[in-house]
Amino acid sequence: NHEGIVYEDIAIKLIAKRANGGMRDAQSILDQLSLLQDGITKKNVEDLLGEVSEKSLIELINGLIDKKPESILKSCSQLYDDGNEPIAILEGLLNITRDLLLKTNENYSDLFYTSEDFQDDLNNISKKVHKAIIINWHSNLKNIEYQIKNSSQPRLWLEVLLLGILSEEN
């Protein structure tokens with residue numbers, strides 16, 4: 001406020017979460033964003049940090065819930081077209097599945113990685129999917145991280161994993 005920098009509260013929270021307690025990391029991100037004309041916005045933070053759109057990740061999870069392989073592949077393709085790397089998509093999915101496991105009531109908490117804007121979506125998903133399935137998803141996603149990081153075809157590995165999750169549930 002003292003510097004006259006325009007900011008959104010949600011953008012500041014996103015920076016704090018991404019910095020994982022590192023003051024220098026947070027300050028560095030703030031310094032870079034403060035130079036932008038429209039200030040520190042959620043979109044600018046996501047663009048700078050390579051954050052994956054929560055809306056797109058929710059669509060991907062809904063494809064898993066609805067057991068629609070075509071929807072999953074279309075969501076992945078859209079995420080790639082938006083410039084997201086498979087490892088970033090994987091990390092986003094891990095954050096959402098973690099938040100789904102924390103979901104025990106309707107109240108939002110700063111413990112969530114997912115922004116408050118998507119709490120209704122999390123509530124709806126948590127009502128549709130049993131926690132045991134979410135734990136299985138989270139475990140499968142975590143187990144593929146190494147293959148994605150060290151593969152010459154990380155997109156293929158991510159898609160195969162996601163489609164494999166569908167076959168496990170069947």
Side-chain angles (χ1 to χ4, degrees), residues 10-11 13-22 25-26 29 42-43 45-69 71-105 107-169:
I10 193 161
K13 288 180 181 179
L14 185 58
I15 291 168
K17 285 180 182 177
R18 185 62 182 256
N20 287 322
D25 290 343
I29 295 167
K42 181 181 179 200
K43 171 133 179 48
V45 173
E46 289 174 342
D47 290 346
L48 177 70
L49 300 177
E51 294 288 318
V52 180
S53 159
E54 290 174 331
K55 181 181 182 217
S56 298
L57 291 171
I58 296 289
E59 288 173 11
L60 185 55
I61 287 179
N62 281 325
L64 286 171
I65 291 170
D66 298 336
K67 297 178 175 39
K68 294 185 176 178
S71 174
I72 292 168
L73 293 175
K74 281 182 183 178
S75 291
C76 285
S77 180
Q78 183 61 51
L79 284 162
Y80 302 145
D81 290 348
D82 291 342
N84 298 293
E85 293 297 322
I87 196 68
I89 297 167
L90 177 67
E91 289 169 0
L93 289 170
L94 284 166
N95 287 337
I96 289 177
T97 56
R98 175 199 172 273
D99 287 357
L100 286 168
L101 292 173
L102 289 174
K103 206 74 175 128
T104 56
N105 58 40
N107 298 326
Y108 177 75
S109 164
D110 283 335
L111 294 174
F112 291 108
Y113 280 103
T114 314
S115 68
E116 194 167 1
D117 297 345
F118 288 92
Q119 290 311 296
D120 288 340
D121 291 305
L122 285 184
N123 288 335
N124 291 335
I125 291 170
S126 68
K127 291 173 187 172
K128 292 180 191 177
V129 183
H130 193 273
K131 287 205 187 271
I133 291 173
I134 296 168
I135 289 170
N136 185 45
W137 289 354
H138 192 82
S139 176
N140 283 324
L141 291 168
K142 189 64 183 151
N143 288 337
I144 195 80
E145 187 174 21
Y146 178 80
Q147 284 94 340
I148 288 176
K149 284 183 177 179
N150 296 301
S151 172
S152 61
Q153 297 184 338
R155 291 180 180 195
L156 176 65
W157 274 106
L158 179 63
E159 291 170 0
V160 167
L161 165 78
L162 293 172
L163 295 176
I165 288 174
L166 290 184
S167 66
E168 281 183 17
E169 290 180 18

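- A donor-acceptor contact shorter than 3.5 Å links the side chain of Lys131 to the backbone of Leu100.
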Fill in: Stepwise side-chain contact (heavy atoms from CB on, under 4.5 Å) check, Ile125 with Ile58
CA-CA 9 Å; Ile125 291 170; Ile58 296 289; 4.1 Å; yes
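- A salt bridge (Lys or Arg N to Asp or Glu O under 4.0 Å) check over residues 139-154, counting only residues at least two apart or in different chains, returns the pairs Lys142-Glu145, Glu145-Lys149.
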Contacts under 3.5 angstrom, residues 45-54 side chains, donor-acceptor by atom type, not counting sequence neighbours:
{"from": "Asp47", "atom 1": "OD1", "to": "Lys43", "atom 2": "NZ", "distance (Å)": "3.3"}
{"from": "Asp47", "atom 1": "OD2", "to": "Lys43", "atom 2": "NZ", "distance (Å)": "3.0"}
{"from": "Glu51", "atom 1": "OE2", "to": "Arg18", "atom 2": "NH1", "distance (Å)": "2.1"}
{"from": "Ser53", "atom 1": "OG", "to": "Lys55", "atom 2": "N", "distance (Å)": "3.3"}
{"from": "Ser53", "atom 1": "OG", "to": "Ser56", "atom 2": "N", "distance (Å)": "3.2"}
{"from": "Ser53", "atom 1": "OG", "to": "Ser56", "atom 2": "OG", "distance (Å)": "3.4"}
{"from": "Glu54", "atom 1": "OE1", "to": "Ser115", "atom 2": "OG", "distance (Å)": "2.6"}
{"from": "Glu54", "atom 1": "OE2", "to": "Ser115", "atom 2": "N", "distance (Å)": "2.8"}

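- The shortest non-hydrogen separation linking Leu162 to Cys76 is CD1-SG, 3.7 Å.
- Put simply, CG on Leu158 and CD1 on Ile87 are 9.0 Å apart, with the number rounded to the nearest 0.5 Å.
- For Asn124, the side-chain hydrogen bond (donor to acceptor under 3.5 Å, both in side chains) criterion is met by no residue, not counting sequence neighbours.
- Partners of Lys74 under the side chain to side chain contact (heavy atoms under 4.5 Å, CB included) rule, at least two apart in sequence or in another chain, do not exist in this structure.
- Legend: residues meeting side-chain hydrogen bond (donor to acceptor under 3.5 Å, both in side chains) with Asn84, ordered by chain and number and at least two apart, are absent.
- The CD1 atom of Ile72 sits 5.5 Å away from atom CG of Leu163, with the distance rounded to the nearest 0.5 Å.
- Residues Asp66 and Ser71 form no side-chain contact, since every pair of their non-hydrogen atoms from C-beta on lies 4.5 Å or further apart.
- Side chains of Asp99 and Phe118 form no contact here, defined as non-hydrogen atoms less than 4.5 Å apart.
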Solution key, residues 88-98 side-chain donor-acceptor pairs under 3.5 Å, sequence neighbours excluded:
{"from": "Asn95", "atom 1": "ND2", "to": "Glu91", "atom 2": "O", "distance (Å)": "3.4"}
{"from": "Thr97", "atom 1": "OG1", "to": "Leu93", "atom 2": "O", "distance (Å)": "3.1"}
{"from": "Thr97", "atom 1": "OG1", "to": "Leu94", "atom 2": "O", "distance (Å)": "3.0"}
{"from": "Thr97", "atom 1": "OG1", "to": "His138", "atom 2": "ND1", "distance (Å)": "2.6"}
{"from": "Arg98", "atom 1": "NH1", "to": "Leu111", "atom 2": "O", "distance (Å)": "3.0"}
{"from": "Arg98", "atom 1": "NH2", "to": "Leu111", "atom 2": "O", "distance (Å)": "3.3"}

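- Using a 4.5 Å heavy-atom cutoff, the side chains of Ile61 and Asp121 are not in contact.
- Asn140 pairs by the side chain to side chain contact (heavy atoms under 4.5 Å, CB included) definition with Asn136, Leu161, Ile165, Glu168, not counting sequence neighbours.
- Listed by first and then second residue, the salt bridge (Lys or Arg N to Asp or Glu O under 4.0 Å) pairs involving residues 153-162 amount to none (not counting sequence neighbours).
- Residues Lys128 and Asn62 meet the side-chain proximity criterion, which asks for heavy atoms closer than 4.5 Å.
- With sequence neighbours excluded, the residues forming a side-chain hydrogen bond (donor to acceptor under 3.5 Å, both in side chains) with Gln78 are Asp82, listed by chain and number.
- Ser151 pairs by the side-chain hydrogen bond (donor to acceptor under 3.5 Å, both in side chains) definition with Trp157, not counting sequence neighbours.
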